[in-house]
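Below is one structure, written out as structure tokens, with a few remarks after it.
Because the structure is a prediction, the values reported are computed rather than measured.
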Amino acid sequence: HPLVTTGALGLVLGHPFDTVKVRLQTQTTYRGIVDCMVKIYRHESLLGFFKGMSFPIASIAVVNSVLFGVYSNTLLVLTATSHQERRAQPPSYTHIFLAGCTGGFLQAYCLAPFDLIKVRLQNQTEPRAQPGSPPPRYQGPVHCAASIFREEGPRGLFRGAWALTLRDTPTVGIYFITYEGLCRQYTPEGQNPSSATVLVAGGFAGIASWVAATPLDVIKSRMQMDGLRRRVYQGMLDCMVSSVRQEGLGVFFRGVTINSARAFPVNAVTFLSYEYLLRWWG
């Protein structure tokens, strides 16, 4: 299944950047991207960049299938035209946005516990277990899930889920609108976009959606880490106000540079495999 294979490949390539992004958003010990990378490498070796990757790898098939499946089927319901007919009768941007938002909403709902576990594991700064050193709080994804369930209750597994839903619902709409808009701009009417067009449009769609998503991405990561030792925030709004009060408005764009750098290649490849699939199966 190309969408799963490229999704997994993109995830492996993008995960080190994601780990740096999560650390920058939730910890104040780093001066910037390079400082964060150097410290992770020095203290935790190369493996430090891949913490928390097993759950996303395990769930990538479900997440990509839900997102692209819901998007395609919602578009089908809204426009009553199949993918083959869509080049001749392109759907309106309103329909594309609504279909994208629907996919984003359902994806966030499926993703919430997986994302929480990923962020908790990425934030563990302990090096790999060495004789005599204290073990990290979580031994792995399953232990992490069980610990959260035991210590914070079933609701604990959905910590930050509202911020995740608010992040993904509109930004996935923006993601598909950007992609479709660029494809139409550079493709002769009625034809399928070339592979080069798909790669560039997919890459820029990834950047556009991540720039829009970053403010809520920061809040989501902070909400997910809240409750680890003691509750700091009363809720999402309190988290926003406290973060701005302590660190200024710039806090909402923590990790935007590294998010954009990661988004281009990962989403370029994702859309190329999506178009390939639609042409084969559509």
Spatial distance of atom [atom1] ([X]) from atom [atom2] ([Y]) [nearest 0.5 Å]:
X    : Y    : atom1 : atom2 : result
M236 : M240 : CE    : CE    : 5.0 Å
L121 : F50  : CG    : CZ    : 15.0 Å
T169 : I174 : OG1   : CD1   : 11.0 Å
F105 : L67  : CZ    : CG    : 14.0 Å
T214 : F253 : OG1   : CZ    : 7.0 Å
T19  : R262 : OG1   : CZ    : 9.0 Å

Main chain of [Y], side chain of [X]: is a donor-acceptor contact present, judged purely on distance under 3.5 Å?
X    : Y    : value
Q124 : Y138 : yes
S209 : G206 : yes
S273 : T270 : yes

What are the two closest heavy atoms between [X] and [Y], and how far apart are they?
X    : Y    : value
R254 : E247 : NH2-OE1, 2.6 Å
R120 : D226 : NH2-O, 3.6 Å
L164 : D115 : CD1-OD2, 4.3 Å
R23  : G48  : NH2-O, 4.5 Å
G160 : K220 : O-CG, 3.7 Å
L24  : Y30  : CD2-CB, 4.0 Å

Connected via hydrophobic side-chain network under 4.5 Å: [X] and [Y]:
X    : Y    : value
L166 : Y175 : no
V232 : M225 : no
V20  : V251 : no
M53  : I258 : yes
L116 : Y109 : no

query: Checking side chain to side chain contact (heavy atoms under 4.5 Å, CB included) for the pair H15/K118: CA distance, chi angles, key distance, verdict?
result: CA-CA 10 Å; H15 195 82; K118 173 188 78 74; 4.2 Å; yes

Just by distance, no angles: are the side chains of [X] and [Y] close enough, under 3.5 Å, to form a donor-acceptor pair?
X    : Y    : answer
S147 : R137 : no
D18  : Q122 : yes
N267 : Y179 : no

- prompt: Take atom OH in Y93; do more than 12 heavy atoms of anything else shown fall under 6.0 Å from it?
  reply: yes

query: Taking atom CZ of R231 as the centre, does the number of heavy atoms from other residues, nucleotides or ligands within less than 6.0 Å exceed 12?
result: yes

message: Show me the pairs that pass ring pair (Phe, Tyr, Trp, His ring centres under 6.0 Å) and involve residues 194-249, at least two apart or across chains.
response: F204-F264

query: Which pairs, with at least one residue in residues 146-172 and sequence neighbours excluded, count as a ring pair (Phe, Tyr, Trp, His ring centres under 6.0 Å)?
result: none

Taking the side chain as C-beta and beyond, is there a heavy-atom pair between [X] and [Y] under 4.5 Å?
X    : Y    : value
V211 : V256 : yes
S195 : L272 : yes
H43  : T125 : no

Pairs meeting criterion salt bridge (Lys or Arg N to Asp or Glu O under 4.0 Å) with involvement of residues 56-70, two or more places apart: none

Derivation of the side chain to side chain contact (heavy atoms under 4.5 Å, CB included) call for L182 and T197: CA-CA 8 Å; L182 287 168; T197 302; over 6 Å; no

Let me check something: any side-chain donor-acceptor pairs from residues 70-77 under 3.5 Å, sequence neighbours excluded? List them with distances.
| unit_1 | atom_1 | unit_2 | atom_2 | d |
| --- | --- | --- | --- | --- |
| S72 | OG | F68 | O | 3.3 |
| S72 | OG | Y274 | OH | 3.0 |
| N73 | ND2 | G69 | O | 2.9 |
| T74 | OG1 | V70 | O | 2.6 |

message: According to side-chain contact (heavy atoms from CB on, under 4.5 Å), who are the partners of F55, at least two apart in sequence or on a separate chain?
response: F114, I117, P141

message: The criterion is side chain to side chain donor-acceptor pair (under 3.5 Å); which residues satisfy it with D217, sequence neighbours excluded?
response: K21, Q25, R167

message: Given Q107, which partner from the list T102, D168, N64 fulfils the side chain to side chain donor-acceptor pair (under 3.5 Å) test?
response: D168

V22 and Q224: CA distance, side-chain angles, deciding distance, side chain to side chain contact (heavy atoms under 4.5 Å, CB included) verdict: CA-CA 11 Å; V22 166; Q224 287 171 327; over 6 Å; no

